[in-house]
There are 2 protein chains.
Amino acid sequence: MGEPENVGYDITLPAANIYEVRCPILRALEVIGGKWKLPLLWHLADGAVRFNALHREVRGITHMMLSKCLKELEGDGLLRRSECGGKVRHVEYALTERGRRLLPALRELYRWGEEQLSQDGGGRTGDAGQS
Amino acid sequence: MGEPENVGYDITLPAANIYEVRCPILRALEVIGGKWKLPLLWHLADGAVRFNALHREVRGITHMMLSKCLKELEGDGLLRRSECGGKVRHVEYALTERGRRLLPALRELYRWGEEQLSQDGGGRTGDAGQS
DNA sequence: CCGTATCCTGGGGGATACTG
DNA sequence: CAGTATCCCCCAGGATACGG
């Protein structure tokens with residue numbers, strides 16, 4: 001891009017300049033990027049989970065990041081938050097339809113990750129010399 | 001984790017402590033995490049691409065990050081680097097088998113990203129109130 | 001039990017310039 | 001054309017503590 005050369009007439013496509021053609025991969029990255037979004041989503045795949053349960057299951061995440069990520073994911077329409085208030089406060093998070101549509105991608109990623117773990121742990125195939 | 005309490009006998013599982021049970025999703029994130037790995041991989045899906053071609057196609061990536069990411073991906077066995085040296089230097093990068101196995105996941109992500117773009121751009125369905 | 005405010009640090013990633 | 005070295009900034013994410 002940069003400045004288009006001046007050729008005497010307009011060579012730009014106005015619409016394309018304003019609403020730039022966006023890469024879906026980049027878009028996905030905006031929503032699920034970062035250190036915890038994917039692990040979080042993954043742990044919600046099987047159904048609604050409570051805040052503290054997530055805190056325990058998603059090893060290493062801090063209270064704060066959990067709260068922040070859940071909020072963002074909710075804002076992006078991937079999660080739904082629901083209170084089941086009794087005496088003590090209970091909050092559950094569950095995937096929305098939009099969130100569930102991400103699961104196929106997560107499953108593929110999971111499978112791939114498994115492969116890597118087993119290969120790097122067992123015998124490295126190396127992949128060197130294959131087409 | 002942390003220090004296990006001393007209960008007089010060994011309550012730890014040695015093997016589990018050394019080769020901790022690792023989450024495949026986390027493993028995948030180590031390899032393809034960051035701002036540019038996924039876009040890069042995506043642009044290599046169709047075949048070998050030259051350094052400068054990638055520099056142009058992956059909008060916004062800097063010369064340096066491109067070099068760094070390619071190196072890391074090569075180190076992780078996802079890419080293969082090959083020189084086609086003539087007068088001027090030419091270097092091509094292509095997915096290895098390991099790299100190609102990631103494509104199904106990328107395609108799913110791409111499809112999902114497309115959905116989001118069209119929904120957020122056109123009429124937001126919102127997803128609020130659906131089961 | 002759940003959420004947020006504040007503070008602080010590390011390293012991811014950009015700019016620039018140099019080499020082969 | 002391809003790759004590296006250096007410097008530097010910024011903010012994602014951790015620690016801690018308070019509030020409903």
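Residue numbers begin at 1 in each chain, while the letters A, B, ... track the order of the sequences. Being a predicted model, the structure only gives us computed values, none of them experimental.
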Check: To the nearest Å, how far apart are A:Leu70 CG and C:dG3 P?
Finding: 7 Å

Note to self: Below the 4.0 Å mark, does D:dT4 have OP1 or OP2 next to a side-chain nitrogen or oxygen of B:Ser67?
What the structure shows: yes

Next item on the list: Round to a whole Å and report the spacing from CZ of A:Arg56 to C1' of C:dC2.
Entry: 13 Å

Check: Can you give one letter per nucleotide of nucleotides 14-19 of chain D, going 5' to 3': B for a protein heavy atom under 4.0 Å from the base, S for sugar-phosphate only, - for none?
Finding: SBB---

Next item on the list: Starting at CD of A:Glu97, measure out to CZ of A:Arg80 and round the result to the nearest 0.5 Å.
Entry: 9.5 Å

Note to self: Whole angstroms only, please: what is the CG-C1' distance between B:Leu66 and D:dA5?
What the structure shows: 17 Å

Margin query: What's the separation between atom CG in B:Leu109 and atom CG in B:Leu103, rounded to the nearest 0.5 Å?
Written below: 12.0 Å

Check: Same cluster for B:Tyr93 and B:Met64 if Ile/Leu/Val/Met/Phe/Trp/Tyr side chains link at under 4.5 Å?
Finding: no

Notebook entry, point to check: D:dG3 phosphate, OP1 or OP2: any side-chain N/O from B:Arg81 under 4.0 angstrom?
Noted result: yes

Note to self: Would you compute the distance between atom NZ of B:Lys35 and atom CG of A:Leu26 and round it to the nearest 0.5 angstrom?
What the structure shows: 9.0 Å

Check: To the nearest 0.5 Å, what is the distance between CG (B:Asp76) and CZ (B:Arg98)?
Finding: 7.5 Å

Considering only nitrogen or oxygen atoms on both sides, find all protein atoms under 3.5 Å from nucleotides 7-11 of chain C and state each distance.
none

Checklist line | Residues A:Glu114 and A:Arg111 bridged, charged N to O under 4.0 Å | finding: no

Margin query: Taking only side-chain N and O atoms of B:Tyr93, does any of them lie within less than 4.0 angstrom of OP1 or OP2 on D:dC1?
Written below: no

Next item on the list: Figure out the NZ/P separation between B:Lys68 and D:dC7, and round it to whole Å.
Entry: 17 Å

Check: Do A:Glu30 and A:Arg22 have side-chain heavy atoms sitting under 4.5 Å apart?
Finding: yes

Notebook entry, point to check: To the nearest 0.5 Å, what is the distance between CZ (B:Arg50) and CZ (B:Arg56)?
Noted result: 8.0 Å

Listed pairs under 3.5 Å, donor-acceptor, residues 42-49 of chain A side chains, sequence neighbours left out:
none

Next item on the list: Starting at atom CG of A:Leu40, determine the distance to atom P of D:dG13, rounded to an integer number of angstrom.
Entry: 12 Å

Note to self: At 4.0 Å (heavy atoms only), tell me whether B:Lys71 reaches a base, stays on the sugar-phosphate, or touches nothing.
What the structure shows: sugar-phosphate

Checklist line | Heavy-atom side-chain contact between A:Trp112 and A:Glu108 under 4.5 Å | finding: no

Checklist line | Sub-4.5 Å side-chain heavy-atom contact between B:Leu95 and B:Leu78 | finding: no

Check: Heavy atom of residues 45-55 of chain B under 4.0 Å from DNA chain D: which residues?
Finding: B:Arg50, B:Phe51, B:Asn52

If you look only at distance, which donor and acceptor atoms sit under 3.5 Å apart when one is on a side chain in residues 65-73 of chain B and the other is two or more places apart or in another chain?
from    : atom 1 : to      : atom 2 : distance (Å)
B:Glu72 : OE1    : B:Lys37 : NZ     : 2.9

Check: Roughly, in whole Å, what's the span from CD in B:Glu83 to P in D:dC1?
Finding: 15 Å

Margin query: Using 0.5 Å steps for rounding, measure from the CZ atom of B:Arg81 to the CD atom of B:Glu92.
Written below: 11.5 Å

Check: Through what angle, rounded to 10 degrees, does the axis of the helix from C:dC1-D:dG20 to C:dG20-D:dC1 turn between its ends, using five pairs per end?
Finding: 50°

Check: To the nearest angstrom, how far is B:Leu29 atom CG from D:dG13 atom C1'?
Finding: 14 Å

Check: Any side-chain heavy-atom pair from B:Ile61 and B:Leu40 closer than 4.5 angstrom?
Finding: yes

